[in-house]
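A quick write-up on the structure given underneath.
Values in this document were obtained by computation on a predicted structure and should not be read as measured data. As a basis for the values below, the full set of heavy atoms in this structure was taken, side chains included, without hydrogen atoms, waters or symmetry mates. Counting from 1, the numbers follow the sequence of the chain as shown.
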Amino acid sequence: MSDTPAENVKPSFRSDVTVELVKHTAGDSDVLWAARVSTAGEQSLDELSKDPERSKGLINYLMRDRHGSPFEHNSMTFFISAPIFVFREFMRHRVGWSYNEESGRYRRLEPVFYIPDEERKLVQEGRPGKYVFVEGTQAQQELTGRVMSDAYLHAYEAYQEMLDAGVAREVARSVLPVGLYSSMYATCNARSLMHFLGLRTQHHDAKVPSFPQREIEMVGEKMEQHWAKLMPLTYAAFNANGRMAP
């Protein structure tokens, strides 16, 4: 099947991200089961839930004293749709993560692009290592939206022109910007997710400050919401102990 002609393609713009929990085998009982095997031998999950306060205390102890391996015996797979520049930051996280991203070699990439909304702070003040972001003016907001959309449209027209001329997708995609949306499956365990959240989100409970780019923080916040429901005791211990991965 040939690619859709350029005149039939209508670019769209987004300011959000998509994070869906596709599948999981993750619960607080997984942490307890793994931690107690060294002292109690083989146990059923029912036995591990008989004393909730003791279980809560054990998870908090593991988190506080940074016994990390019991938090690895679980799995969560997320479907994520976000701008490409978010994925380039995301894939700095390698330990405990697996990724599969859509391929521009085998399919025409859809013209969906990122433009920040009015809540995105646009202006950086201060020197490297000691800076803050502040609100942009209305003129800056309008300029950002106009320039980004014009650049996206021009880039996608060039991409489609090459495809229509028979140029291979893997070559034509070179003209596309990092503001293009891509999608991937990302699989992790609770320990690797905690490390990600410690670096890629800001939170009042964090012992160590983090300064993430807002767009990857948006992804992290949505992943955190899913994880908090799956492993509430582990999540509470993570926050109570400064949001540092064990």
Ring centroid separation for Phe238 and Trp227, is it under 6.0 angstrom?
yes
Taking the six-membered ring of Phe133, is the NZ or CZ of Arg120 close enough (under 6.0 Å from the centre) and on axis enough (within 45°)?
yes
Does any donor atom in the side chain of Thr201 or Arg243 lie under 3.5 Å from an acceptor atom in the other side chain?
yes
Under 3.5 Å, is there a donor-acceptor pair linking the side chains of Ser75 and Asn189?
no
Arg92/Glu89 under salt bridge (charged side-chain N to carboxylate O under 4.0 Å, His left out): CA gap, chis, key distance, verdict:
CA-CA 6 Å; Arg92 300 304 300 161; Glu89 287 195 351; over 6 Å; no
Side-chain donor-acceptor contact under 3.5 Å, Tyr235 with Glu224
yes
Thr18 OG1 to Met218 CE distance, which is reported to the nearest 0.5 Å:
9.5 Å
Enter the distance from Ser55:OG to Leu32:CG here, rounded to the nearest 0.5 Å.
4.5 Å
Donor on one side chain, acceptor on other, Ser182 and Glu101, under 3.5 Å
yes
Using only heavy-atom distances, determine whether the side chains of Gln225 and Glu221 contain a donor-acceptor pair under 3.5 Å.
no
Under a 4.0 Å N-O cut-off, is there an ion pair linking Lys222 with Glu20?
no
Decide whether Thr77 and Thr187 meet the rule of one side-chain donor and one side-chain acceptor closer than 3.5 Å.
yes
Kindly say whether the aromatic ring centers of Tyr99 and Phe87 come within a distance under 6.0 Å.
no
Pair Glu102-Ser183, side-chain donor/acceptor within less than 3.5 Å:
yes
Between Arg191 and Glu72 (salt bridge meaning N to carboxylate O under 4.0 Å), is one present in this structure?
yes
For Tyr114 and Glu215, which I'm curious about, is there any donor-acceptor pair between the side chains at under 3.5 Å?
yes
